[in-house]
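See structure below.
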2 protein chains.
Amino acid sequence: MDTSVAFSPRIERLLDQASSVCAERGSRLTDIRRLVLGLVLDRGRPSGAYELLDRLRENNRGAAPPTVYRALDFLLEQGLVHRIERLSAFVACTHALEHAHGCSDFHAAQFLICRHCGEVTELENRGISHALRAAGAEHGFHISASTIEAEGTCAACRAKPAGMDGPAESRQ
Amino acid sequence: MDTSVAFSPRIERLLDQASSVCAERGSRLTDIRRLVLGLVLDRGRPSGAYELLDRLRENNRGAAPPTVYRALDFLLEQGLVHRIERLSAFVACTHALEHAHGCSDFHAAQFLICRHCGEVTELENRGISHALRAAGAEHGFHISASTIEAEGTCAACRAKPAGMDGPAESRQ
DNA sequence: ACCCGTTCTGTTATAGAGTAACATCAAGGT
DNA sequence: ACCTTGATGTTACTCTATAACAGAACGGGT
Ligand SMILES: [Zn+2]
Ligand SMILES: [Zn+2]
Ligand SMILES: [Zn+2]
Ligand SMILES: [Zn+2]
């Protein structure tokens with residue numbers, strides 16, 4: 001496969017960081033995994049698995065669905081990407097590489113999905129996760145993973161009037 | 001289609017109630033929609049669309065994917081069922097038919113999904129929804145719909161030891 | 001009763017998301 | 001060299017969901 005893919009300097013730096021984090025944990029950010037993470041970061045928006053596959057094929061002829069799903073599974077396990085359930089899509093974790101000190105805690109995140117422009121914002125609000133954990137505990141339920149996603153309109157899109165901007169596929 | 005499907009008296013009563021609620025709103029709980037809602041209620045667990053389709057076909061030969069998806073879309077709009085994103089499945093709303101007074105407020109619900117037995121519990125915790133709404137507002141984000149789901153172990157399954165009970169497909 | 005717009009349903013075909021199963025390959029240790 | 005482990009290649013599915021268009025049924029006005 002063609003290893004000479006170059007992302008922006010910022011992304012290459014994040015990828016190097018991700019690589020270090022994996023190494024510290026005894027896992028390996030292989031070429032394919034690195035490339036997929038790069039594609040997710042480069043997109044900056046939720047990416048569908050098959051959309052990633054198409055772009056993956058530009059550098060890795062012969063890539064098939066399992067190729068990208070395996071890479072995504074790994075990245076999810078490492079906390080480097082999140083899956084947005086409402087969109088069946090994937091985004092890079094905003095926090096994993098900023099606090100990159102081998103902290104393998106899986107942080108509980110919340111996502112704000114703008115219907116208008118498609119942008120996804122990742123929050124890390126301990127209060128919300130805690131409230132949910134407490135509500136579960138009241139019913140004797142032990143939570144091991146959670147999905148918290150909100151759909152609506154972001155600040156930027158609320159500022160604009162009834163716009164024809166933003167991707168057409170995100171309009172409704 | 002065969003209209004003479006009989007569910008349990010309890011479910012038939014809920015279906016009649018749902019029918020009234022729809023009528024008050026100017027929408028119609030047609031035979032197919034009523035049947036699908038009945039199947040979801042009857043199952044009492046998250047039901048996949050194609051699982052519903054199979055059971056729908058017992059009474060409605062010629063039912064196809066759009067048949068069940070249209071019915072589900074309607075029931076979702078009416079707040080009579082919820083979609084569990086993490087399972088790509090549907091459950092009947094616990095609250096819609098209990099407080100059946102034409103209140104078309106879409107309540108914000110949370111779901112506890114037991115990995116072990118597959119049971120889903122619906123919560124309606126105003127605190128959690130409010131906390132999420134507030135967190136969004138801090139970023140200028142206006143929330144119009146949200147998904148809050150937690151996966152873990154329910155009280156009953158925690159009581160049992162390492163069990164071989166519960167549906168095999170829910171084990172991991 | 002009849003007409004007509006709207007809503008609902010039938011039907012076919014296809015797109016999109018995800019996985020099973022098995023072969024192959026590469027790296028590292030003995 | 002041999003074996004083990006983890007990663008990738010490859011084929012073939014399954015499951016989830018929707019597009020597009022045709023026909024039937026309903027409901028309101030005349
Ligand atoms: Zn994150
Ligand atoms: Zn926006
Ligand atoms: Zn509900
Ligand atoms: Zn359980």
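Not measured: the values here are computed from a predicted model. For the numbers below, each heavy atom of this structure counts, side chains included, while hydrogens, waters and symmetry mates do not.
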SB check A:Asp16 A:Arg34 (cutoff 4.0 Å): yes
Between P of C:dG16 and CG of A:Leu53, the distance in whole Å: 12 Å
Of the listed nucleotides C:dG18, C:dT11, D:dA17, the one nearest the side chain of B:Tyr69: D:dA17
B:His82/B:His107 aromatic ring centres below 6.0 Å: yes
A:Leu52 CG - C:dG16 P separation (whole Å): 14 Å
Residue A:Ala64, side-chain atoms from C-beta onward, closest of C:dA17, D:dT18, D:dT10: D:dT10
Side chain of A:Arg70 (C-beta onward), nearest among D:dA20, D:dT10, C:dA17: D:dT10
5′-ward residue of the pair B:Ala71/A:Glu51 relative to DNA chain C: B:Ala71
D:dG6 OP1/OP2 closer than 4.0 Å to side-chain N/O of A:Arg28: no
Rounded interatomic separation in angstrom, taking CD from A:Glu85 and P from D:dT16: 14 Å
Nucleotide nearest B:Arg33 when distance is taken to its side chain, options C:dC8, C:dG10, D:dT18: C:dC8
Pair of N/O donor and acceptor under 3.5 Å linking C:dG10 base with B:Arg61 side chain: no
A:Leu56 CG to D:dA7 C1', straight-line distance once rounded to whole Å: 14 Å
Rounded distance in Å - CZ (B:Phe74) to P (C:dT7): 13 Å
Nearest-nucleotide pick for A:Thr30, side chain only, options being D:dA7, D:dA17, D:dA20: D:dA7
Phosphate OP1/OP2 of D:dA7 contacted by A:Arg34 side-chain N/O (<4.0 Å): no
Face-to-face stacking of B:Tyr50 with D:dC15, centres under 5.5 angstrom, angle under 30°: no
Separation of atom CG in B:Leu75 from atom P in C:dC8, rounded to whole Å: 12 Å
Residues B:Arg115 and B:Glu151 bridged, charged N to O under 4.0 Å: yes
Verify same cluster id: B:Val91, B:Phe7 (apolar side-chain graph, 4.5 Å): no
Nearest-angstrom distance from the residue atom CG of B:Asn60 to C1' of D:dA24: 14 Å
N/O (side chain, A:Ser88) to phosphate O (OP1/OP2, C:dG16) under 4.0 Å: no
Value in whole Å for how far the C1' atom of D:dT8 lies from CG of A:Leu72: 15 Å
is_close_aromatic(A:His142, B:His116), centroid dist under 6.0 Å: no
